[in-house]
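What follows is one structure encoded as C-alpha cells, with my remarks underneath.
Throughout, a chain's letter reflects where its sequence line sits, starting with A, and its residues are numbered from 1. The analysis underlying the following values was restricted to heavy atoms, covering all of them including side chains, and did not include hydrogens, waters or symmetry mates.
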Amino acid sequence: MKQRVREIIEAALVRAHEAGALPSREFPPILVEEPRVEAHGDFSTNVAMVMAKIQKMAPRKIAEGIIDHLADPGGVLLRTEIAGPGFINFFIAPAAWPPVLEEVHEAGDRYGASAMGGGRKVQVEFVSANPTGPLHVGHGRGAAVGDTVANILAFCGFDVRKEYYINDSGRQIRTLGRSVFLRYTELLGRTVSFPEDCYQGDYIRELAGAIHEDRGDELEKETEEAAVAYCARRAAREILSGIEADLEVFGIRFDRWFSEQSLFDEGRVDGAIADLKDRDILYEKDGALWFRTTDHGDEKDRVVVRGNGQTTYFASDIAYHRDKFGRGFHRVIDVWGADHHGYVARMSAAVEAMGIERERFGVILVHLVNLLRAGRPVAMSTRAGEFVTLREVVDEVGRDAARFIFLTRHYESPLDFDLELAKQKTNDNPVYYVQYVHARISSIFAKGEEEGTIAGDDLTSPNPDLLTEPEEIALIKALSRYPEAVENSAALLEPHRVAYFLMSLATLFHAYYNKHRVLTETADLTRARLYLVLAVRKVIRNGLSLLGVSAPDKM
RNA sequence: GCGCCUGUAGCUCAGAUGGAUAGAGCAACGGACUUCUAAUCCGUAGGUCAGGGGUUCGAAUCCCUUCAGGCGUACCA
C-alpha cells in the first residue's frame, strides 16, 4: 500500500510539472511514512518541504500543486490534506485494505520475501568459538543473531552460507592439550601442580578420563610434546562435536565448518603472506613482518609474522578472509563478540588492502550477556571453569524462549538474561505472547472443523469486503507492513525488527480476539474472518521461522 | 591518555535513512472469563529522551562538549 501511495505521488509530480505547477523537474527520492498520530492519515509525505529549495516555492504551495494533479485510478484514497509546514497526508479508503489479504494468501510462506539480494552470494560467519570449552550464553546470543541475520538475508533473495571458523591452531589449543595432559597424568597417580593459565573446568577431567580409558598409560611412553599434541587434537575434536550438538539443539546448522589449521596445512597462510609481500602491502621492520593497515584507516600497522617466526592470529584471519572472497562471496559478514571491536579496523583495512571494496565486508558486534537468576548475577568465567553453558540454559528455559530473548534486543545493547524471567510465561517474556497467537488461531480452526463449519484451511470464496471492523482493518494494515519490516531488517542486519513486528502484530490480534468472535452465526462473515486470521497465522509462522522459533498449534 | 559501544517512564527495552502531540511490556492501581485457549484483553497513572551548546522550517535521531557505565587499546588469542 505504501508503494502504491508512492507511485501516486510520483505520477502527480510528473503531471504537475508538465502542467506548469512545478518549475523544476528535479525530484528528490520520495519518503512516505506512517504518521504516529491517526489524525495525520495512514500515510504522509514530506516531499513538498524537501523540494522547497529546488522548486523555489513555499512548501504548502508545492503541496497544493501536487494534490491538484493526483490521480487515483484504483480508488484507494479516501482523501488527502495539506498539514503543518507542508506535509501531505493520505487517508486510505477502508475498502482498499481487505484486498491486501489476497497478497498474503497467494504468497503464503513466501509472503514478505523479496528479491533485494538478487541472488548475490553472502557468507555469514558466526559463533566461531575456540574449541577449548563448551559454549556459554554469550555465544548463544551471537549464534541466534548470526543465524537469524542469515535466515533473513536468504529470505530477501541472497544466496547465503553459514560458516563456523574453528580456531584449531595456536596457543589456546596447545594450552588445552596441556590442560588435558596434566589431568591425564593425575589419573596415572602423579601429583601435578595445575597452572592457573590452564583450563580449570570439570570437562577437562572428563576428557582426560576418556583418554585414560582408551589409552591407559600409553601416552607416558611418548614424548611430552607428542602426548600434549595428541591430547589437544583429541580434546578439540570432542569439544567441537559437543559444540555442534549444542548448536543443533539450539536450532542452528552450519553449511561449513572451516578449520584454521587447514589454512596452514594447505599453505594458504604462506601464500597470502607471499602475495601481500609482493604487492608491498607487507614490510619488514624490527625483525617482524608488518601489514600497512594504516593506509586504510587503522591507527597503527599490525604484525603478521613475529620476530620469532611465528605468525599472528591476524595472519590466519587475513588468509581466511582472502579465501572467503576468493570463494566468490559478494559480501562477507562476521559476527563477533563486542570485546573484539578493537579488531574491526585492522580486519577491514586488511580486506580493503586486498582490493576488496569496504562495503563488502561487515562486522556485527554482539554485546555481552549478563546472566542473572532472579535479578542476581551468575558468575561467569571460562578460565576458572565456572560458567553456565548454553546447553544448560537451553535445557532450562527452552530453545524458543532463549532465542527470542536474544533477538528482542538490538545486538549493540548489553543484555541481561534472567533465567527465572525467561521461564515465566508472562509478557516480560514475549515469545509466548507471539506463539499464543498461532495457537489461538489454530484452535479456532480446530473448533471450526469440529463444528463442521469448515474443512481444514480450505476457505471457499471468502469475501474480505465484509471485514469492516476497525480491529480488522488494523490487522490488515499491520500485515501489509510485514514485507517492509523484513526488508529493513535485512538492509540493516537487525533481526530484532522482525521480533518487534511480530509482537505488535500479536498485540493487534489479541485485542481483536477479545472483542470479536471469528466463528459467527453468519457463514459469509465467518469465512471472511477465517480468511483474515489465517493470513495472520501465516505471517506469524513465517516470521517466527525466520527467528528460528517454533509456531505451536497448542499451548 | 586515545578509540568504540551504551545512556529514553520505577524496571526491561523499541523508536533505520532528521518530521507533526515520545512508544510497548513489566511493576502499581481499577475493571473483563457460562464464550473460538485469561500464556489474553480494556482503562488509569507514569518522561528535563544523561547534562549543556550548535546545525534548520523541524532533533531522541546529525555535529561539538561534559558526565556516567561497559569494552578495547600487544611481535596475545
Mind checking A:Asp317 for me? I need base, sugar-phosphate or nothing, with any heavy atom below 4.0 Å counting as a touch. nothing
Nearest-Å distance for atom pair CZ/P, residues A:Phe404 and B:C13: 15 Å
B:C26: pairing nucleotide in any strand, Watson-Crick or G-U under 3.5 angstrom: B:G10
Expressed in angstrom and rounded to an integer, what is the separation of A:His410 atom NE2 from B:U8 atom P? 15 Å
Return whichever of A:Leu492 or A:Val518 has its heavy-atom-nearest nucleotide of RNA chain B closer to the 5' end. A:Leu492
How is A:Arg517 classified with respect to the nucleic acid when contacts are heavy atoms under 4.0 Å: base, sugar-phosphate, or nothing? base
5'-most contact on RNA chain B: A:Asp553 or A:Glu412, nearest heavy atom basis? A:Glu412
Selection from B:U40, B:A16, B:A14 that lies nearest to any side-chain heavy atom of A:Asn514: B:U40
Report which part of the nucleic acid A:Asn130 touches: base, sugar-phosphate, or nothing (heavy-atom distance under 4.0 Å, all strands). sugar-phosphate
With heavy atoms under 4.0 Å as the rule, sort A:Asn89 into base, sugar-phosphate or nothing. base
Will you find, in the side chains of A:Tyr433 and A:Thr507, an N or O donor that is under 3.5 Å from an N or O acceptor? yes
Do A:His510 and A:Arg440 have a side chain donor and acceptor closer than 3.5 Å? yes
Indicate syn or anti for B:C33, taking the glycosidic torsion and treating anything within 90° of 0 as syn. syn
Counting the atoms with a prime plus P, OP1 and OP2 as sugar-phosphate, which does A:Asp416 contact under 4.0 Å by heavy atoms, base, sugar-phosphate, or nothing? sugar-phosphate
Checking all strands, does A:Phe87 fall into the base, sugar-phosphate, or nothing category for heavy-atom contacts under 4.0 angstrom? base
In whole Å, measure the gap between the C1' atoms of B:U61 and B:G19 for me. 11 Å
At 4.0 Å (heavy atoms only), tell me whether A:Ala345 reaches a base, stays on the sugar-phosphate, or touches nothing. nothing
Using salt bridge (charged side-chain N to carboxylate O under 4.0 Å, His left out) as the criterion, list what pairs up with A:Lys277, not counting sequence neighbours. none
Expected rows: protein N/O vs nucleotides 67-74 of chain B N/O, under 3.5 Å:
unit_1 : atom_1 : unit_2   : atom_2 : d
B:C71  : O2     : A:His341 : NE2    : 2.8
B:G72  : O4'    : A:His341 : NE2    : 3.3

Contact class for A:Leu31 (heavy atom, under 4.0 Å): base, sugar-phosphate, or nothing? base
Separation between the C1' atoms of B:C13 and B:U8, rounded to whole Å: 9 Å
Please indicate yes or no: is the ring centre of A:Tyr433 less than 5.5 Å from the centre of the six-membered base ring of B:A39, with the two planes inclined by under 30 degrees? no
So A:Ala439, base contact, sugar-phosphate only, or nothing? Heavy-atom distance under 4.0 Å. base
Rounding to a whole Å, what distance do you find between A:Lys515:NZ and B:G31:P? 21 Å
Of A:Lys477, A:Arg79, A:Lys2, the residue whose pairing with A:Asp42 passes salt bridge (Lys or Arg N to Asp or Glu O under 4.0 Å): A:Lys477
Over all strands shown, is A:Ser44 touching base, sugar-phosphate only, or nothing at heavy-atom distances under 4.0 angstrom? base
Can you tell me how far C1' of B:C13 sits from CE of A:Met503, to the nearest Å? 9 Å
Please work out if A:Glu33 contacts a base, only the sugar-phosphate, or nothing of the nucleic acid, heavy-atom cut-off 4.0 Å. sugar-phosphate
